[in-house]
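Notes follow once the structure below has been shown.
What you see is a predicted model, and the numbers here were worked out from it, not measured in a lab.
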Amino acid sequence: MKEYSSCQAAIDACISQQYFSVSHLYNDDKPMSMHIHDCYEIYYSVCGGKQFLIDNRSYSIQDGDIFFINQFESHHLSKIDSQVHERIVLSISPVFLKNLSSAATDLNYCFSCRDQIGHKLSLNPEQQKRFLYHIHKILSASGFGSDLVERASFMELMVFLNRIFYRKAHENHAEELPVYKTEESPSKHQQVDDILTYINQNIHEPLTIEDLSAHFYLSASYLCRIFKANTGTTINKYITAKRITIAKILLAEGYTVGEACEKSGFNDYSNFLKSFTRAVGISPKKYAQFSA
């Protein structure tokens with residue numbers, strides 16, 4: 001299998017081929033801004049990550065951490081090491097993974113189970129070695145039967161990861177989820193957490209910087225500054241990404257474009273069309289047709 005050096009190129013290949021792809025990325029591949037895409041993503045931190053924002057959850061990143069993101073979740077690598085930033089990213093077609101699953105084994109589990117452990121696993125040294133072994137086996141498959149070796153190795157990898165995810169999800173105690181590790185004071189962490197919660201609870205309603213400023217009794221400039229410092233993105237970009245995530249789910253469930261626009265909180269139909277097309281790559285109408 002080809003190893004990509006660009007995350008966007010890997011995503012494009014995954015979507016066009018309805019398969020999976022692997023990218024090995026360094027500092028030279030700039031992380032995307034807050035985004036969503038029509039494939040699953042497994043993000044493995046080799047070194048240099050610091051903070052990941054997935055929907056309204058913010059995670060600290062250590063070497064060996066691995067994240068599971070589905071096609072409806074907005075995400076953004078909000079803080080990285082300025083010197084070294086190495087990661088391995090798998091882009092996976094949901095349709096392909098569903099076809100690999102069986103009645104007894106749902107390989108989509110790690111992308112759908114969120115209540116107990118969220119999006120993150122911290123692999124121990126032995127699990128890290130095994131993860132890298134499977135990646136090497138996938139990328140080095142060649143010659144006669146290489147396609148079958150590639151597919152079998154990927155399936156083995158997904159069983160391995162889902163087993164870890166399943167065990168963690170069924171432990172008696174839940175792993176700690178959002179962790180803010182910045183130079184901001186604890187009070188500012190709590191303020192941003194409250195802002196994220198408020199946005200998500202009222203995402204269907206009109207939300208402006210002025211509305212949030214008045215609700216939290218904070219100046220607009222201070223509000224924007226602490227939000228950007230803790231999440232790595234702006235309030236407006238976060239709101240737009242969240243609403244597009246909701247719109248994608250509604251369209252996939254059979255709602256019309258107009259209904260998706262209204263129910264996701266976009267009051268301006270023209271803005272909805274532009275924002276959705278820019279973020280997803282196709283218009284809402286085409287997305288609805290492909291998802292039917």
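Under the 4.5 Å side-chain heavy-atom criterion for Ile, Leu, Val, Met, Phe, Trp and Tyr, V159 and L97 are members of the same hydrophobic cluster. Each of F160 and V149 belongs to its own hydrophobic cluster when Ile, Leu, Val, Met, Phe, Trp and Tyr are linked at side-chain heavy-atom distances under 4.5 angstrom. Both Y222 and Y238 sit in one connected hydrophobic cluster of ILVMFWY residues. Membership requires side-chain heavy atoms under 4.5 Å apart, directly or through other members. When hydrophobic clusters are built by joining Ile, Leu, Val, Met, Phe, Trp and Tyr residues whose side-chain heavy atoms come closer than 4.5 Å, directly or via intermediates, I69 is not grouped with Y4. Transitive grouping of hydrophobic side chains (ILVMFWY, heavy atoms separated by less than 4.5 Å) keeps Y133 and L161 in distinct clusters.
Counting only N and O atoms by type, the side chains of T208 and D211 include a donor and acceptor under 3.5 Å apart.
In this structure, the salt bridge (charged side-chain N to carboxylate O under 4.0 Å, His left out) partners of D65, at least two apart in sequence or on a different chain, are K120.
Under the 3.5 Å distance criterion, the side-chain polar atoms of S264 are left unmatched by any main-chain donor or acceptor of A247. Remark: the backbone N or O of V89 is paired with a side-chain donor or acceptor of S23 at under 3.5 angstrom. Judged by distance alone, with hydrogens and angles left aside, the side-chain atoms of Q128 form a donor-acceptor pair with the main-chain N or O of L123 at under 3.5 Å. The backbone N or O of H136 sits less than 3.5 Å from a side-chain atom of S140, completing a donor-acceptor pair. S146 contributes a side-chain N or O that, together with a main-chain N or O of G143, makes up a donor-acceptor pair within less than 3.5 Å. H76 places no side-chain N or O within donor-acceptor distance of the main-chain N or O of S74, the cut-off being under 3.5 Å. A donor-acceptor pair is defined here as one N or O able to donate and one able to accept, closer than 3.5 Å; no such pair exists between the side chain of Q71 and the backbone of P94.
Contact between Q18 and S93 at its shortest, heavy atoms only, is OE1-OG, 3.5 Å. Residue C110 comes nearest to N162 through the heavy atom pair N-OD1, 3.0 Å, listed as atom of the first residue, atom of the second, then distance. Smallest separation of non-hydrogen atoms from D63 and G48: OD1-N, 3.7 Å.
Considering only heavy atoms from C-beta on, H75 stays 4.5 Å or farther from H119 through its side chain. Between Y287 and K248 the shortest side-chain heavy-atom distance falls below 4.5 Å. Within the 4.5 Å cutoff, the side chain of P284 has heavy atoms near those of the T277 side chain. Within the 4.5 Å cutoff, the side chain of L207 has no heavy atoms near those of the K242 side chain. Side-chain atoms of L212 and F227, non-hydrogen and from C-beta on, never get closer than 4.5 Å to each other. Taking 4.5 Å as the limit, every side-chain heavy atom of M158 sits out of range of all side-chain heavy atoms of F20. With a 4.5 Å cut-off on side-chain heavy atoms, I135 and L90 count as touching. Side chains of L273 and V257 form a contact here, defined as non-hydrogen atoms less than 4.5 Å apart.
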Stepwise side-chain hydrogen bond (donor to acceptor under 3.5 Å, both in side chains) check, E262 with H204: CA-CA 8 Å; E262 180 181 354; H204 306 93; over 6 Å; no
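Summarising the local packing, OH of Y166 is surrounded by 12 or fewer heavy atoms from other residues, nucleotides or ligands at distances under 6.0 Å. Environment of OH in Y255: sparse, with no more than 12 heavy atoms of neighbouring residues, nucleotides or ligands closer than 6.0 Å.
A centroid separation of 6.0 Å or more is found between the aromatic rings of F266 and F276.
Evaluated for a ring-ring contact (aromatic ring centres under 6.0 Å, His included) with F52, the options F67, Y59, Y44 yield exactly one hit, F67. The one candidate from Y43, Y40, Y109, F165 that meets the ring-ring contact (aromatic ring centres under 6.0 Å, His included) condition with F68 is F165.
One distance of note links CD1 of I209 with CD1 of I235; it measures 4.0 Å at 0.5 Å rounding.
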